[in-house]
Protein chains: 2
Amino acid sequence: MFTKVLVAEDYEIANQGIIKILNDKIGIHNIQEAKYCDDAYLKFRKAYNDKEAFELLITDLSFREDHKIQTRASGIDLIKDIRSVQPDIKVIVYSQENRPDKINMLFEKLDINGYVCKGQHAIKELIACVNGVYQNNTVRPPELTNNTAINTMIHLDDLDMMLLEELSQGFTKKEIRTKLKKQKISPNSESAIDKRVSKLFDDFKAKNTTHLVAIVKDLGLL
Amino acid sequence: MFTKVLVAEDYEIANQGIIKILNDKIGIHNIQEAKYCDDAYLKFRKAYNDKEAFELLITDLSFREDHKIQTRASGIDLIKDIRSVQPDIKVIVYSQENRPDKINMLFEKLDINGYVCKGQHAIKELIACVNGVYQNNTVRPPELTNNTAINTMIHLDDLDMMLLEELSQGFTKKEIRTKLKKQKISPNSESAIDKRVSKLFDDFKAKNTTHLVAIVKDLGLL
DNA sequence: GACCATATTACAGAAATCTGTAAGGACATA
DNA sequence: TATGTCCTTACAGATTTCTGTAATATGGTC
């Protein structure tokens with residue numbers, strides 16, 4: 001089993017919870033914790049330089065903003081930076097994120113080894129994940145395999161996201177059209193935008209713009 | 001210090017984290033945990049009947065829905081039920097909720113003894129809270145005292161909330177007006193509703209309905 | 001080039017939104 | 001009763017939203 005693990009998670013209680021599981025249930029005792037990305041990187045770097053490198057990184061994705069100025073804003077940056085130094089370190093992400101496309105992105109772009117959703121069954125999943133990753137498997141969360149939900153079906157491109165963002169900020173379609181023209185993004189005609197938004201209505205089964213934004217906010221896409 | 005504590009929290013990792021803090025930092029070792037409200041109540045009831053009652057309950061507010069059917073949906077119900085049996089038990093709520101009015105409601109309506117926000121400084125806050133509550137103090141989170149934010153300033157009555165809810169569900173003002181008339185809620189005229197919504201625009205500095213709903217969703221009021 | 005599917009654009013009309021003004025009712029105070 | 005304030009209602013007009021139809025453009029395939 002892994003003997004040396006780094007845990008990066010800003011929620012202290014969750015941080016302690018992970019350590020307790022690793023301790024009690026998996027028997028890993030050489031654990032260091034960090035509440036900030038930069039702090040995590042420093043601890044990683046020191047261990048690496050001392051030839052006592054970590055074998056596994058367990059990290060959250062989002063770190064709440066704080067008074068401390070961070071060069072790394074998210075766990076994604078942290079993973080990239082650490083992997084650029086020590087490419088073979090195993091990485092497990094432990095996060096609230098449950099959007100399949102986002103989680104898949106982590107596996108595809110960052111080549112992470114495992115993912116555990118914060119939730120009711122996190123202990124069992126974490127244990128299974130650490131064991132699986134130790135055996136060189138890629139461990140995706142059960143939600144991902146079962147859940148072929150809306151998010152995966154509906155493909156939102158950059159323009160869709162921009163439209164949703166602008167609409168949620170209260171801009172009229174005329175204003176949005178003007179912005180698009182200024183940025184020389186096409187399509188930028190009134191009816192093209194109308195069509196795009198109407199398609200979003202269909203996709204999300206929304207009655208109007210307000211409803212659409214409410215749905216998308218609830219889904220956490222915005 | 002307290003000697004017997006019940007922890008009700010459905011997120012397993014957080015659950016373990018709390019127990020670790022109570023163990024390591026406060027020296028409480030007689031701790032029972034529950035992942036479901038009903039389970040928590042049963043454990044409470046058993047201890048009470050065995051004359052080995054809990055002295056402190058630490059509970060979350062929201063429990064994720066699951067396949068298990070629960071008679072108690074939220075921590076609020078749990079607190080009410082437990083207090084109706086053992087009125088003098090101390091209660092600390094540990095939750096993500098950060099809306100001042102909601103938190104204040106807990107202190108006023110449920111007479112809870114302490115509140116800790118899930119977050120970066122939860123350990124320090126939890127320790128301070130348990131200590132404070134043990135000394136018969138009421139411990140409100142630091143956020144609450146500092147944050148005289150929008151939420152506290154803007155008073156939203158039932159009609160306001162209903163309007164926001166209906167609008168976010170994509171109903172037109174005409175539809176809303178019809179609903180109000182059916183339920184014999186006044187005011188129900190088109191212009192009265194317009195005025196109400198316009199006031200909400202002013203309050204939340206929204207440009208239009210869509211913007212308003214987006215803001216309110218972000219604030220977590222809806 | 002010819003063909004097809006798809007995406008963009010133009011235009012138009014009904015419906016809904018948003019912002020005013022003005023008038024009436026409820027209620028408290030003097 | 002008179003006065004003032006606040007809330008509700010009625011109405012109107014400009015703007016925006018939403019939904020169509022139809023023409024044009026784009027990109028890929030044969």
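Here is the naming used below: chain letters follow the sequence lines, and residue numbers restart at 1 for every chain.
Within 6.0 Å of NZ in Lys207(B) there are more than 12 heavy atoms belonging to other residues, nucleotides or ligands. Counting non-hydrogen atoms of other residues, nucleotides and ligands closer than 6.0 Å to NZ of Lys174(A) gives a total of 12 or fewer. Atom CG of Asp158(A) has 12 or fewer heavy atoms from other residues, nucleotides or ligands within 6.0 Å. Atom NZ of Lys181(B) is surrounded by more than 12 heavy atoms from other residues, nucleotides or ligands within 6.0 Å.
Ion pair Lys118(B)/Asp60(B) flagged as a salt bridge, since at least one NZ, NE, NH1 or NH2 atom sits closer than 4.0 Å to an Asp/Glu carboxylate oxygen. Here Lys173(A) does not pair with Glu190(A) in a salt bridge; the nearest charged N to carboxylate O distance is not below 4.0 Å. Between Arg45(B) and Asp81(B), no side-chain nitrogen of the basic residue sits less than 4.0 Å from a carboxylate oxygen of the acidic one, so the salt-bridge criterion is not met.
At whole-Å resolution of the value, CD1 in Ile176(A) and C1' in dT17(D) are 12 Å apart. The CG atom of Asp157(A) sits 10 Å away from the P atom of dA7(C) (whole-angstrom rounding). For the pair Phe201(A) CZ and dT17(D) P, the computed distance is 10 Å after rounding to whole Å. Atom CZ in Phe171(A) sits about 13 Å away from atom P in dT17(D), given to the nearest Å. In this structure, CG of Leu163(A) is placed 15 Å from C1' of dT17(D), rounded to the nearest angstrom. To the nearest angstrom, C1' of dT17(C) lies 13 Å from CG of Leu212(B). Between the CG atom of Leu200(A) and the P atom of dT19(D) there is a distance of 12 Å, rounded to whole Å. Atom pair Lys207(A):NZ and dT17(C):C1' shows a separation of 17 Å (rounding to whole Å applied).
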Detail all sub-3.5 Å separations between protein N/O atoms and N/O atoms belonging to nucleotides 23-25 of chain C.
none

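Relative orientation of the Tyr115(A) and Phe107(A) rings is tilted, given thresholds of 30° and 60° on the angle between their planes.
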Q. What one-letter contact string describes nucleotides 4-16 of chain D from 5' to 3', where B marks a base within less than 4.0 Å of any protein heavy atom, S marks contact via sugar-phosphate atoms alone, and - marks no contact?
A. ----SBBB----S
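Both cation-pi conditions hold for Lys179(B) and Phe171(B): the charged atom is under 6.0 angstrom from the six-membered ring centre and inside a 45 degree cone around its axis.
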